[in-house]
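Reminder, nothing fancy here: chain letters follow the sequence lines and each chain counts from 1.
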Amino acid sequence: MADLNFKSIEKKWQKIWDEQGLYKTNLTNAEKKLYCLVMFLYPSGDRLHIGHWWNYGPTDTWARFKRMQGFNVFEPMGYDAFGLPAENYAIKVGVHPAISTAQNISNIREQLKALGAMYDWDNEINTSSPEYYKWTQWFFLLLYKNKLAYRKKAPVNWCPSCATVLANEQVVDGSCERCDSEVSQKDLEQWFFKITDYADKLLEGLDRIDWPEKTKSMQRNWIGRSEGALVKFQIDGGDDVIEVFTTRPDTLWGVTYMVLAPEHPLVSELTQPEHKVAVETYIKQTRKLTEIDRTSTEKEKTGVFIGSYCVNPVNGEKVPVWIADYVLGSYGTGAVMAVPGHDTRDFAFATQYQLPIREVISLDGQSRIPLKEAYTEPGTMINSGPFTGEPSKPGISKVIAFLEEKGWGGSKVTYKLRDWLISRQRYWGAPIPMIYCDKCGAVPVPEDQLPVKLPEEVEFSGSGESPLKTNSDWVNTPCPECGGAGRREVDTMDTFVCSSWYYLRFPNPNLDDAPFNKDLIDQWLPVDQYVGGAEHAVMHLLYARFFTKVLNDLGYIKFDEPFSRLMHQGVITNSGVKMSKSKGNVINPDTYIRDYGSDIFRMYLMFMGAYTEGGDWSDDGIHGMNRFVNRFWRLFEMMEENQPIGNETKAIQDVERVRHNSVKMLTHDLDRFQFNTSISRIMELVNAMYLYIQNVPADQQNREILNEIRDTLIQLISPFTPHLGEELWERTGHSGSVFNASWPEWDEDKLKTDTITLAVQVNGKLRSNIEVDLDSEQSIVEAAALADHKIKKYVEGKQILRVIVVKNKLVNLVVQ
RNA sequence: GCGAGAGUGGCGAAACUGGUAGACGCGCUAGACUUAGGAUCUAGUGUCCGUAGGACGUGGGGGUUCGAGUCCCUUCUCUCGCACCA
């Protein structure tokens with residue numbers, strides 16, 4: 001047995017796996033199926049970095065472990081291949097995105113193979129291939145037909161650097177999620193998916209899935225369901241009605257003014273001539289503010305009176321109408337009834353502009369006028385007409401009923417969630433399959449004409465005009481309805497549309513008459529284990545759930561949640577800074593893989609720390625992992641050269657105990673993605689083996705048990721170092737792949753020892769250790785503890801008040 | 001500002017329902033084998049004082065308990081998420 005040559009064994013086993021099709025999943029058998037999916041990757045021109053390995057390596061280790069536990073594991077990989085970087089590259093260098101993407105994919109596929117994962121390469125998918133995006137377009141039409149896709153002109157988020165609009169989810173603190181540029185507002189006619197129709201379903205489903213609580217709460221937060229009332233305020237001396245949404249209808253009697261968002265449609269109509277200049281100036285100012293400035297809680301509240309009044313329906317009072325930028329046009333009705341006595345924002349505004357503050361809720365029914373701050377807690381309704389004296393909490397529904405009865409309003413649920421804007425003014429995406437005809441309007445492309453292929457000949461300007469516009473041959477097409485002159489939609493779809501359904505495609509990536517095979521995916525989905533970055537919490541993960549729910553509603557699939565269990569890998573930083581190409585601090589794994597091999601590198605990553613935590617990159621310990629894996633290898637070398645031939649039974653028991661303990665702990669830890677502690681269990685077993693082999697002569701060493709432990713060791717390490725595992729499995733005379741061998745079992749009885757060392761404490765402080773029989777009675781333990789010579793001096797001449805015995809753990813003597 | 005999570009040796013980190021803090025590893029020290037070793041093996045390694053043996057130790061302060069890294073209160077620091085949502 002020669003020194004470990006990882007290069008040759010990696011190549012050797014990758015070739016064998018490939019030839020034997022070891023990782024081709026038999027999808028016709030869904031018994032004990034396990035669909036393990038890691039978020040697919042964007043094929044950029046860069047090499048895979050440490051973050052990719054951190055994402056894919058451990059997940060593959062987990063999948064291999066599950067396979068050995070007897071699961072029929074399906075672990076596919078694909079490419080989220082549409083997107084801006086390829087197009088920006090085309091603008092800069094002139095290489096067509098289709099060419100650069102194909103090149104990147106073929107490079108990345110090679111790198112992925114070096115990782116040695118169990119990917120089923122026959123099931124690879126590429127979202128930019130016509131065979132795939134045909135079905136992305138089909139989904140668009142499906143949503144369109146079901147009134148879940150619509151076109152409207154609306155103020156939308158515009159990223160000047162990406163030269164396209166963005167969905168709300170892609171705007172982070174007023175900046176582009178992708179490039180950090182400040183996002184501005186533009187009025188454009190765009191396509192939306194009606195995800196808001198699914199707000200309640202998206203909320204409800206969260207209770208049924210095993211996801212990190214944090215992610216679920218982010219989604220709940222994003223959906224932002226809020227229950228309250230809609231109240232109609234008639235304009236004084238006019239026909240117009242201002243509708244407001246409020247969660248506190250119980251404070252209706254405390255309204256002293258009304259605030260509209262500056263962009264509210266009634267503003268211009270209600271502005272009186274003498275206020276016009278001020279109002280217009282204010283609106284202009286608001287426009288200039290970025291979303292961040294406008295929604296900053298730090299900012300002092302501003303606003304102007306527009307000259308009109310409206311009437312509070314419950315008491316007939318005239319209240320002035322203001323506009324203020326703290327009221328958002330996009331939430332609720334874009335109008336707020338201001339109750340400064342019981343809302344901190346209204347209070348601040350009223351104080352600023354000396355508007356009246358009225359008290360209508362009181363903790364105990366006693367008035368505290370003048371209020372020093374808004375009282376926002378529940379209490380007793382006061383100065384509230386017929387409701388005076390009512391407790392405010394139940395008062396909410398009573399007032400709602402009252403409003404309904406009078407026709408002044410009613411109950412209402414509002415959401416923060418907005419419809420998903422999917423149009424992008426870019427080239428490298430799936431074309432939206434719509435045609436505009438002067439006679440027939442917007443006409444969907446008939447399904448049998450899909451895919452609407454991306455034309456190759458376009459001009460990439462990056463100007464913000466859709467590049468597809470520049471190919472008039474492509475744009476001009478007959479209207480499918482009337483045959484007259486039609487024009488194709490020139491925007492493409494957000495790439496999040498492509499990734500909203502890719503997990504459905506993997507089992508049947510080449511199906512050409514449907515996006516997926518219903519029978520097959522009803523058996524194989526939902527995904528049992530999904531792994532990916534937490535940054536997708538309210539984007540991809542919300543959109544994918546939406547798609548699944550739509551398909552479920554329309555009867556296409558049986559399940560309504562795509563990912564049963566979700567895990568987020570942590571982030572690997574470099575000196576505390578998140579790695580990114582733009583910062584130029586990306587650590588390339590290539591040199592490590594060259595020096596140590598993919599197995600050792602993967603295992604070192606997993607040993608660094610908790611998977612979900614991530615951590616700061618340092619290669620300080622990689623040398624130690626190299627040492628360990630070589631030590632592991634040498635153990636086999638030693639056993640081969642100096643074959644154990646005895647049947648000694650005493651010392652071997654210690655090794656057996658470690659073995660069973662290692663198997664037990666590792667099985668438990670691996671299940672929960674606790675790779676670092678799993679690895680330390682293997683190390684413990686290796687250490688125990690070394691001790692044994694070095695202390696017991698080979699002619700006495702228990703041959704049979706050692707051979708068993710040897711096999712166990714290979715099985716335990718294989719998910720971490722798959723190439724090494726296979727090599728050792730073969731060298732120790734096994735036929736077939738170690739990944740077809742079953743995961744070792746442990747025997748609880750083997751973990752026990754006859755005697756056990758107990759800690760002896762006096763007044764809670766450790767003073768000695770005693771040896772007693774396993775499961776000894778309290779009286780025996782107590783006597784043994786008192787007999788201990790070290791303990792004697794702590795107890796002598798003192799009164800023993802209490803003796804606490806924790807079975808097989810410790811004894812604590814409480815003395816005075 | 002609100003919410004969640006975290007803070008443990010020189011370093012990466014362990015510790016199940018409160019029960020011997022620091023598993024496993026890096027680094028370091030000593031020894032062995034060596035022409036040599038940045039290889040390997042063995043032993044040691046929380047801090048302080050020491051001869052046995054002690055004292056102190058999980059961000060700080062307080063509490064509950066026979067016993068607290070773990071539970072409670074308070075405070076500091078960091079990370080993440082949300083942030084005028086009516």
Side-chain angles (χ1 to χ4, degrees), chain A residues 3 172-173 212-215 217-218 220-222 224-226 228-229 244-248 251 259 261 292 294-299 301 324-328 330-339 342-346 348-349 414-417 534-535 537-538 570-571 573 576 604 607-610 612-625 627-628 630-631 634 665 668-669 674 676-684 686-687 690-691 694-695 757-769 790 793 801-815:
Chain A
D3 281 354
V172 179
D173 289 338
E213 269 314 311
K214 184 157 191 173
T215 307
S217 87
M218 277 171 76
R220 286 194 191 101
N221 218 311
W222 189 261
R225 184 191 155 96
S226 163
V244 298
F245 171 71
T246 178
T247 54
R248 295 292 303 275
T251 63
V259 195
I292 333 167
R294 192 168 156 183
T295 57
S296 160
T297 41
E298 312 292 308
K299 183 176 152 281
K301 294 195 170 21
D325 63 8
Y326 80 91
V327 174
L328 308 172
S330 50
Y331 181 76
T333 60
V336 169
M337 59 175 225
V339 186
H342 306 286
D343 180 285
T344 44
R345 296 152 303 180
D346 297 342
F349 191 82
T414 306
Y415 301 89
K416 264 174 71 181
L417 182 72
E535 67 275 17
V538 291
V571 178
T573 54
Y604 173 62
F607 191 58
M608 270 176 48
T612 52
E613 303 284 309
D616 202 39
W617 169 254
S618 154
D619 59 7
D620 278 353
I622 194 165
H623 171 70
M625 186 53 71
R627 179 189 297 170
F628 168 71
N630 278 287
R631 184 170 149 91
R634 250 187 334 270
M665 301 306 279
H668 182 246
D669 286 354
Q674 290 173 351
N676 51 341
T677 48
S678 297
I679 292 167
S680 63
R681 299 303 174 184
I682 304 178
M683 291 172 167
E684 280 172 354
V686 169
N687 291 345
Y690 262 84
L691 267 182
Q694 246 131 33
N695 291 334
T757 306
L758 285 194
V760 184
Q761 296 179 340
V762 178
N763 290 340
K765 294 201 170 185
L766 180 70
R767 296 301 181 190
S768 185
N769 286 297
K790 284 191 203 155
K793 70 176 181 197
L801 300 175
R802 243 175 113 181
V803 178
I804 291 132
V805 175
V806 181
K807 205 175 187 185
N808 296 332
K809 283 248 161 98
L810 61 72
V811 48
N812 187 13
L813 307 169
V814 185
V815 303

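If you run side-chain contact (heavy atoms from CB on, under 4.5 Å) between A/Val803 and each of A/Asn812, A/Leu813, A/Val814, A/Val815, only A/Leu813 comes through.
Using N1 to N3 plus N6-O4 or O6-N4 for Watson-Crick, or N1-O2 and O6-N3 for G-U wobble, each under 3.5 Å, B/rC2 pairs with B/rG81. The pairing partner recorded for B/rU20 is none, the criterion being a Watson-Crick or G-U wobble arrangement whose two distances lie under 3.5 angstrom. Of the nucleotides present, none pairs with B/rA68 by Watson-Crick or G-U wobble criteria with both distances under 3.5 Å. Across all strands shown, B/rA43 forms a Watson-Crick or G-U wobble pair, both distances under 3.5 Å, with B/rU29. Pairing for B/rU34 is absent, with no Watson-Crick or G-U wobble pair whose two atom distances lie under 3.5 Å.
Nucleotides B/rA6 and B/rA14, compared at atom P, are 12 Å apart to the nearest Å. Of the C1' atoms belonging to B/rA43 and B/rU35, the separation is 26 Å, rounded to the nearest Å. Comparing B/rG69 with B/rC16, their C1' atoms sit 14 Å apart, to the nearest whole Å. A distance of about 14 Å separates the P atoms of B/rU8 and B/rC78, rounded to the whole Å. B/rG67 and B/rG60 have their C1' atoms separated by 23 Å, given to the nearest Å. If you take atom P in B/rG9 and the same atom in B/rU58, they sit 9 Å apart, rounded to whole Å. Taking the C1' atoms as reference points, B/rG46 lies 10 Å from B/rG10, given to the whole Å.
Of the candidates B/rC26, B/rA86, B/rG19, the closest approach to any side-chain atom of A/Ile804 belongs to B/rG19. The side chain of A/Asn812 approaches B/rG67 more closely than any other nucleotide in the set B/rA86, B/rG67, B/rG3.
Listed by chain and residue number, A/Tyr592, A/Tyr604 satisfy the ring pair (Phe, Tyr, Trp, His ring centres under 6.0 Å) test with A/Trp617 (two or more places apart in sequence, or in another chain).
For A/Asn695 (side chain) and A/Leu691 (main-chain N/O), a donor-acceptor pair under 3.5 Å exists by modelled atom type.
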(request) Assign a letter to each nucleotide of nucleotides 36-45 of chain B from its 5' end: B, base within under 4.0 Å of a protein heavy atom; S, sugar-phosphate only; -, no contact. (result) ---SSSS---
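In this entry the base of B/rG81 is anti relative to its sugar, with a glycosidic angle more than 90° from 0.
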